[in-house]
Amino acid sequence: MSLRLYNTLTRQKDDLEALPGFDPNNVRMYVCGPTVYDYAHIGNARPVIVFDVLFRLLRHLHGEDHVTYVRNITDIDDKINARAAETAAAKGMSVEQARVEITAQTAQQYLDDVTALGCLKPSHTPRATEYVARMVAMIGELVTKGFAYPAEGHVLFDVSKKADYGKLSRRPLDEMIAGARVEVAPYKRNPMDFVLWKPSDAATPGWDSPWGRGRPGWHIECSAMGEALLGETFDIHGGGIDLMFPHHENEIAQSEAAHHGHALARVWMHNGFLQVEGEKMAKSLGNFITIRELLSGWRGYNWPGEVIRFAMLSTHYRQPIDFTQSILEQATVTLRYFSTFGFYEPTVGPSDEFLDALKDDLNTPRAIAELHRLLNEARGHASNRPNEMSKPNAMLNMETFTAANQLAAGLMFLGIDIRSYDKCWVENQGRESIAQNLEREVEAAIAARAAARKAKDFKESDRIRDELLAKGIVLKDGPAGTTWEVKR
RNA sequence: GGCCACGUGGCGGAGUGGUGACGCAACGGUCUGCAAAACCGUGUACCCCGGUUCAAUUCCGGGCGUGGCCUCCA
């Protein structure tokens with residue numbers, strides 16, 4: 001089965017490998033990365049996780065050396081400048097120094113956060129400021145070719161020169177103009193013309209250009225970085241659905257205009273929007289959740305990255321997702337079950353059904369359903385062998401082995417290393433010391449309880465069990481003896 | 001105001017022109033000193049109103065609801 005991806009351009013699932021120009025030895029993907037001025041929030045996490053799974057799938061299908069993934073870092077932007085101006089005033093440094101400091105710091109936080117969510121490092125993480133020269137050159141080409149014009153220190157893209165402008169979002173130009181609520185800047189020829197370059201005053205970070213000192217517009221950054229690292233045409237361009245217009249539309253206009261009309265990307269992918277507890281996430285509503293916050297304490301728990309990631313992948317990427325404490329709790333329970341059989345270093349790949357689900361437009365919920373099937377298979381067989389069930393590190397026979405192995409492989413494929421999961425949770429509960437001595441202590445207590453039970457001293461045995469329960473240890477009496485686990 | 005998505009059982013969430021996956025929760029049972037776990041089993045859903053069709057949750061139209069974009073917010 002080949003990889004099919006829903007393409008916003010065609011509004012259907014396209015077979016990636018069948019698209020003209022696709023080269024299996026050079027698969028290229030670009031995803032719009034963060035603007036680094038503050039902690040990334042949970043909404044930012046969605047595309048990162050989704051396209052990380054796609055990155056892993058592409059590497060699996062075509063080989064690690066044949067896939068290039070670019071996720072940019074926008075480190076020049078008016079919000080950053082505003083933040084930098086504040087910091088500069090407070091610390092008595094130049095705005096440019098402050099900008100460099102803020103963006104470096106925030107970019108590192110971002111990387112730490114998404115790493116905690118199990119995301120691989122992209123092949124390249126270019127910073128916009130490193131490509132200003134290329135942006136200036138590209139803007140120059142657009143002016144020369146008649147697609148752009150300078151006006152009052154700005155350079156604007158003339159959308160009327162691009163006949164198919166609007167083809168991604170499928171909104172005709174006249175309709176956009178009619179519906180526009182924005183006040184049109186007087187120097188624009190056409191209300192929908194957008195900025196490629198804008199002037200900077202002395203207090204604002206800027207670069208020299210043929211049109212004076214200034215800074216690039218947002219859209220041109222991605223066009224320049226994509227071209228520099230992936231070439232004129234690449235395979236997949238991803239991002240949140242809110243970026244479809246105008247950002248991605250404008251990227252297409254600029255890049256195609258600069259590249260003799262050659263397509264920018266073969267497939268455009270957009271992940272759905274995220275809400276929190278049924279509402280739009282907004283600072284004003286008080287439901288703004290950063291990744292850092294989830295990891296370090298939200299609603300009383302330090303949610304492991306694996307849990308956040310799994311919760312995110314339990315909904316198909318194009319569907320809207322309602323991010324709630326409840327989905328985190330459900331993900332926690334599920335991963336705990338999986339962990340029973342997921343402790344193996346997989347020696348086989350994921351099952352075919354698992355891979356087929358992912359190859360069908362990244363259908364992670366279906367892939368997860370397959371993991372449940374594998375769990376049941378592993379369990380079903382184990383249940384016939386009471387001595388070997390329940391305990392995480394139990395020995396399995398060959399039948400259960402394959403299922404358990406495929407389960408572990410599937411989880412690893414999704415970027416979830418179940419082996420670190422229980423450890424994570426124990427640490428969350430602040431029981432690090434217990435984690436180290438846990439096994440010995442608990443085993444000793446279980447032995448004492450077993451002796452009490454044998455002597456029919458149930459008062460004592462219950463006391464021991466309650467004592468362990470108070471420490472968060474749940475005992476389970478099975479036909480083959482007592483096992484235990486850490487209660488969440 | 002214009003354009004566009006989504007609306008599946010108590011919750012999460014696939015999918016389909018014709019017996020509606022899967023998981024959690026619930027319920028019954030086996031087991032058990034009790035409980036939990038495990039195992040077996042059970043029930044419950046396709047927003048509303050029209051239309052097309054032999055047949056619609058699935059296609060079309062309208063409505064309602066939620067959300068997105070049109071304001072360099074993933």
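In what follows, every chain begins at residue 1, and chains take the letters A, B, ... in the order their sequences are listed. Since the model is a prediction, treat every value here as computed from it, not as a measurement.
Nucleic acid contact class of A:E370 (heavy atoms, under 4.0 Å, all strands): none. If you check every strand for non-hydrogen atoms under 4.0 Å, A:H247 touches nothing. Among the protein residues, A:L475 comes within range of the nucleic acid bases, having at least one heavy atom under 4.0 Å from a base atom. A:D322 comes within contact range of no nucleotide atom at all, as no heavy-atom separation falls under 4.0 Å. Within the 4.0 angstrom heavy-atom criterion, no nucleotide atom of any strand lies near A:K456.
B:G67 has no base stacking with the ring of A:F273 when judged by centroids under 5.5 angstrom apart and an interplanar angle below 30°.
Taking atom C1' in both B:G1 and B:U44, one finds a spacing of 43 Å when rounded to whole Å. When the P atom is used for both B:U57 and B:G9, the distance is 15 Å, rounded to whole Å. Taking atom C1' in both B:A38 and B:G67, one finds a spacing of 42 Å when rounded to whole Å. Nucleotides B:C22 and B:A14, compared at atom C1', are 7 Å apart to the nearest Å. Rounded to whole Å, the separation between the C1' atoms of B:U30 and B:G23 comes to 23 Å. Between B:C48 and B:C11, the distance separating the two P atoms is 15 Å to the nearest Å. With C1' as the reference atom, B:U19 and B:C34 are 43 Å apart, rounded to whole Å. The same atom, P, is picked in B:G28 and in B:G43; the two are 15 Å apart, to the nearest Å.
Nearest nucleotide to the side chain of A:I327, out of B:G12, B:C70, B:C24: B:G12. Set against B:C69, B:A14, B:A74, the side chain of A:F245 has B:C69 as its closest nucleotide. Taking every side-chain heavy atom of A:N363 into account, B:G15 is the closest of B:C34, B:C69, B:G15. Among the nucleotides B:A74, B:C24, B:A35, the one closest to the side chain of A:V333 is B:C24. Listed nucleotides: B:C34, B:G12, B:G13. Nearest to the side chain of A:I321: B:G13. Residue A:S314 has its side chain nearest to B:G12 when only B:C34, B:A74, B:G12 are considered. The A:D462 side chain lies nearest to B:C34 when the options are B:C73, B:G23, B:C34. Side-chain proximity of A:T315 to the nucleotides B:A14, B:C73, B:C34 is greatest for B:A14. When the nucleotides B:G67, B:C34, B:A38 are ranked by their closest atom to the side chain of A:Q275, B:G67 comes out on top. Comparing B:G68, B:C73, B:C24 against the side chain of A:K280 picks out B:G68 as the nearest.
Remark: B:G10 base-pairs with B:C24; criterion is Watson-Crick or G-U wobble with both hydrogen-bond distances under 3.5 Å. Both distances falling under 3.5 Å, in either a Watson-Crick or a G-U wobble arrangement, place B:G1 opposite B:C70. Nucleotide B:A38 has B:U30 as its partner under the Watson-Crick or G-U criteria, with both atom distances under 3.5 Å. The nucleotide B:U58 finds no pairing partner, because no Watson-Crick or G-U wobble arrangement with both distances shorter than 3.5 Å includes it.
The separation between A:M281 atom CE and B:G67 atom C1' is 14 Å, rounded to whole Å. Rounded to an integer number of Å, the gap from A:L468 CG to B:A35 C1' is 14 Å. Straight-line distance from the CD atom of A:E249 to the C1' atom of B:C69: 12 Å, rounded to whole Å. Taking atom CG of residue A:L243 and atom P of nucleotide B:C73, one finds them 9 Å apart after rounding to whole Å. Note: NE2 (A:H270) to P (B:C69) measures 13 Å, nearest angstrom. Rounded to an integer number of Å, the gap from A:L274 CG to B:C6 P is 17 Å. Look at CZ on A:R336: it is 11 Å from C1' on B:C24, rounded to the nearest Å. In this structure, A:H248 atom NE2 and B:C70 atom P are separated by 13 Å, rounded to whole Å.
A:D361 and A:R4 are not joined by a salt bridge, as no carboxylate oxygen comes within less than 4.0 angstrom of a charged side-chain nitrogen. Looking at A:R463 and A:D466, no side-chain N of the basic residue comes within less than 4.0 Å of a carboxylate O on the acidic one, giving no salt bridge. Checked for salt-bridge contact, A:E329 and A:R299 miss the test: no charged N lies under 4.0 Å from a carboxylate O. A:K79 has no carboxylate O lying under 4.0 Å from a charged side-chain N of A:D38, or vice versa, which leaves the two without a salt bridge.
Using cut-offs of 30° and 60° on the angle between ring planes, the pair A:F245 and A:Y165 is perpendicular. Classification of the A:F338-A:H372 ring pair by plane angle, with boundaries at 30° and 60°, yields tilted.
Within 6.0 Å of the CG atom in A:D78, the count of heavy atoms belonging to other residues, nucleotides or ligands exceeds 12.
Between A:K79 and B:C73 there is a side-chain polar atom (N or O) within less than 4.0 angstrom of OP1 or OP2.
A:D75 and A:T129 share a side-chain donor-acceptor pair at under 3.5 Å.
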